[in-house]
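The next block holds one structure in the form of structure tokens; read it before the comments.
Residue numbers start from 1 in every chain, and the chains themselves are labelled A, B, ... in the order their sequence lines are given, proteins ahead of strands. As a basis for the values below, the full set of heavy atoms in this structure was taken, side chains included, without hydrogen atoms, waters or symmetry mates. Because the structure is predicted, anything quoted here is derived from the model rather than measured.
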Amino acid sequence: MSVFFATFERHAHGEGLKGHSTHYCPGCGHGVVHKFLAEAIEELDIQDRTVAVSPVGCAVFLYYYFDVGNTQAAHGRAPAVALGHKLANPNAVVISYQGDGDLASIGLAEIIHAAQLGIPISVIFINNANYAMTGGQMAPTTVPGQKTTTTPEGRSRLNGLPLRMAELIAALDGPIYVERVALYDNKRRVRAKKAIKKALQCQVENRGFAFVEVLSECPVQWHMEPVEAEKWVKEVMTRYFPLGVLKDEPGEPWFQLTPPSFQPEKLLEEIGASQEAPPRFSKGFPAHLDPEDIAIKLAGAGGDGAQTAALLITHAAINEGFDATHIPSYGPESRGGTSYADVHICRSEVLSPAVPDPQLLVVFNAPSLHKFGPTVRPGGLILYDSTVIREEPELPSGVQAFGVPFTQIALDLGKKVVKNVVALGAFQAATQIFPEESFLTALRQFLQKDCALIPLNEEAFRWGVKAFRELYGQVHLQPQT
Amino acid sequence: MISLKKDLKSRPKPFLLAEYCKGCGRCIAACPKHCIEYSNEVNPVSGYVPVVIDYSVCNGCGLCLLACPEPYGLMPENRKYEFQLTDPAKQFGPRPTAETEPREIPDQVIPLPETEPLVVKGTYAAAIGALLAGCRHFFGYPITPSTEGAELMAKVLPHLDGVFVQAVSEVATVNHIYGCGGTGLRCMTFTSSPGFSLMLEGISYLIGAEVPGVFVNVMRGGPGLGNIAPEQGDIKLACRGLGHGNTHALVLAPADPQEMLDLTMLAFELSFRYRNPVIVLGDGYLGQVTGRVKLPRYMIQPGLPSWAVYGDREHRRNLICSIHLSEADLEAHNRRLVEKYRLMEENEQRADLYFARDAEILLVASNTPSRMVRGAVKKLRDLGVKAGLFRPITLWPFPIEHLKPLLPGMERLIVVEASNGQLEDELRLALGREEIVPHPPIHHIRHYGGVLPQVSEIVQAVLEEKEVEP
């Protein structure tokens with residue numbers, strides 16, 4: 001039994017010589033590394049649980065040879081694919097085998113972030129200083145002066161300088177083991193074999209991310225005899241890519257994942273599903289506002305709490321057994337900027353959730369009143385924060401407006417942020433859309449994970465109700481149908 | 001395989017089948033005893049000049065084995081196999097993995113008690129749908145207006161021993177899905193238009209390698225960075241442009257939070273049934289809109305498909321790969337994919353009809369614009385106009401089979417959409433492919449840039465028999 005397939009069936013259907021020889025050119029370093037990798041897998045007895053991710057480049061056909069689980073990835077993305085495998089089955093030993101165009105150019109973001117994540121995968125990085133499969137173009141690792149098909153005069157300063165990946169990876173906190181090795185003589189090969197085995201061992205022991213850079217001969221694209229290529233690695237490449245261990249931390253075993261839970265009770269709890277029906281307080285659909293469909297808009301600056309107030313109205317309506325929708329709309333700012341909310345409450349089904357012409361408008365600042373005031377339908381109602389809007393607004397005909405000092409009341413309560421809940425209280429008192437208890441229930445549901453905030457918010461709501469009643473008493477709305 | 005043992009006598013000597021030597025000479029340089037040299041002639045099978053070993057000098061140090069790049073090149077003598085030169089493919093016996101045949105572990109349907117409806121936004125509803133469908137692995141990159149779905153996953157998954165990964169980019173995201181989906185597990189992402197563009201290359205790989213995965217694209221205004229308001233400008237991408245090659249995937253278009261949940265659940269089922277990614281195409285409004293969502297009475301505990309590259313003995317033989325080097329192989333593979341697309345077209349067309357059966361004016365709309373159309377149809381019916389809504393739930397395949405019976409006697413079709421005619425193109429293509437000629441005239445009501453067609457505007461356009469073009 002070997003980690004290599006007994007016949008390379010995937011290589012041109014294993015016909016003739018292809019059944020037992022690689023697609024690599026004579027003297028190529030890939031073959032040597034493949035053998036070291038296969039031996040390491042065998043010695044560690046991990047063949048069954050190994051998943052090898054083939055890259056794009058000369059090693060694209062890695063899956064021809066290795067009798068392990070195989071996945072073939074897009075150019076540069078092998079570490080991302082490898083992480084997908086590792087996180088799906090933490091017991092798998094996942095190898096990302098990549099070349100220098102793949103890893104050091106197009107896939108730089110993936111390798112850096114996979115390395116820094118530090119989840120145990122083993123990366124074997126073949127550095128042969130060019131894009132070999134596409135015909136010998138410049139790679140990020142091409143050394144100064146090196147001739148390639150895209151640096152025909154030799155890599156100049158304008159073409160940039162070689163990227164030292166092992167040093168880059170070793171500088172990160174995530175990896176535990178980084179080494180650069182070569183294949184140019186017996187001593188280096190023995191060292192390379194050990195390094196590859198160690199990279200796998202780091203993963204087998206659940207200790208962390210390991211990266212081995214291999215300076216590898218590419219005799220054909222370098223236009224050299226294999227033995228000359230060995231010499232070139234030794235004499236030229238190692239000047240830019242010094243060999244040695246760049247990082248080797250003991251690292252305790254840490255990586256483990258519990259199998260995912262599929263317990264229904266647990267899932268329902270997590271998504272907040274309840275088997276208990278919320279109490280209903282409403283005697284029926286608030287037809288005094290509209291027989292079928294009530295359109296509400298709340299508008300202010302980001303941070304005014306228009307969205308939360310809108311959500312509470314929506315929750316209250318659904319608790320009461322009606323259909324309701326809420327759509328927020330904001331500017332790009334998290335605070336400040338504009339923020340408005342469209343709410344529909346329907347007896348049976350919300351048909352269109354947008355509110356271009358509200359029946360009820362709640363505004364927290366003057367620009368919102370200016371913008372949306374004119375859109376309110378005849379017979380509608382506007383409720384505004386009289387702390388910040390001092391002048392009586394101009395109104396479309398048949399629209400009533402009521403100012404309530406939302407902000408001042410909230411400030412008196414000691415927390416400016418509850419002004420939206422004050423507004424909600426005033427909204428209840430002005431519209432009688434649902435009973436007070438209906439809103440208070442929605443408020444308690446909303447704050448169930450921040451129970452400490454419930455008393456303050458309930459108080460704010462009640463102050464809003466009270467303030468409106470004291471200012472305006474009972475209001476009669478005349479819906480226009 | 002190789003051990004550099006001290007005991008000279010027990011050390012195996014190298015052994016070489018000449019036809020597997022490519023004559024690179026690395027072993028010659030590696031041999032300290034100088035007992036390897038090139039032979040005098042070209043091997044007639046390989047066309048290379050192989051090396052020969054002088055066993056009288058060789059002490060079995062094994063250094064040449066380390067230097068040889070070929071798996072079946074130089075090997076220790078004790079690894080010699082019985083073989084027949086006449087049949088090189090059979091020389092080393094059958095593939096060892098031929099013994100294990102991976103089993104299909106079926107999904108389990110777990111009943112759920114009846115629960116009160118949730119009040120959640122569209123992206124949350126889709127995330128909950130994914131959880132109910134058995135997804136416990138999420139990969140994503142933040143992008144407005146889809147991110148809340150990812151945020152809910154980040155909150156919930158750790159409590160369910162699931163995995164949430166914030167990827168380095170959308171490009172990495174789709175490749176995490178390729179890996180995780182290739183392991184046979186249910187995984188997904190949330191994204192929005194510019195992010196979806198970045199994922200297309202990876203989606204082509206998923207389709208080519210037949211890897212399932214669910215992509216919820218909450219479409220926003222484009223082109224370029226555009227804005228974060230609702231649009232339907234990715235219909236063409238999802239239906240006609242899923243990366244390079246002959247690709248297709250089922251495209252589901254929800255219209256409210258309830259369908260965000262239902263169709264995301266369905267997306268997982270279909271994705272695994274067809275071994276193909278599925279796109280859930282929402283819009284910015286739909287992602288943000290909060291509404292009432294009923295939970296189904298069941299959830300799924302996924303099994304493991306037999307094709308998975310799971311990383312264990314049983315699945316060791318498996319391969320996830322989109323490469324088919326020979327033209328004939330790739331054509332055969334494409335034929336299989338095309339047949340799969342045909343089955344999807346035959347079996348998966350879905351549509352929702354609202355006052356459509358007797359409609360003389362049929363409005364065609366999907367996603368949020370379809371809700372404005374519902375409002376408009378109601379108003380038009382109140383005015384005595386026989387209007388109806390035809391809402392494709394699958395944008396690809398376009399549900400032409402559901403439309404066909406409505407066409408006789410139809411006065412007009414009006415496509416209402418938040419794009420420059422991308423839904424209309426799907427309709428026209430479907431009519432054309434079915435050779436439905438003549439068909440009723442097709443008018444349109446269009447907005448883009450984040451503006452959605454409004455109820456009053458639709459009513460007015462229908463009454464005045466006008467088209468709307470921004």
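- With a 4.5 angstrom heavy-atom cutoff, His30(A) does not touch chain B via any of its atoms.
- Ala172(B) is linked by a side chain to side chain contact (heavy atoms under 4.5 Å, CB included) to Ala80(A), Glu110(A), Ala167(B), Val168(B), Ser169(B), His176(B), counting only residues two or more places apart in sequence or in another chain.
- Interface residue Leu319(B): backbone and side-chain heavy atoms are both found under 4.5 Å from chain A.
- Here the shortest heavy-atom pairing between Gly311(B) and Asn89(A) reads O-ND2, 3.5 Å.
- Residue contact with chain A, scored on non-hydrogen atoms closer than 4.5 Å, involves the side chain of His137(B) exclusively.
- Here the shortest heavy-atom pairing between Val350(A) and Arg371(B) reads O-NH2, 2.9 Å.
- Contacts between Tyr310(B) and chain A at a heavy-atom distance below 4.5 Å involve backbone atoms as well as side-chain atoms.
- In this structure, chain A has a heavy atom under 4.5 Å from the side chain of Met299(B), while its backbone stays farther away.
- In terms of heavy-atom proximity, Pro69(B) sits nearest to Lys35(A) at C-CD, 4.1 Å.
- Of the two parts of Ala67(B), the backbone and the side chain both hold a non-hydrogen atom closer than 4.5 Å to a non-hydrogen atom of chain A.
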CA sep, side-chain torsions, deciding dist, call: Leu87(A), Cys180(B), side-chain contact (heavy atoms from CB on, under 4.5 Å): CA-CA 7 Å; Leu87(A) 292 166; Cys180(B) 187; over 6 Å; no

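- The parts of Ser46(B) that come within reach of chain A are both its backbone and its side chain, each placing non-hydrogen atoms under 4.5 angstrom from that chain.
- The two residues Arg292(B) and Phe322(A) come nearest to each other via the heavy atoms NH1-O, 3.7 Å.
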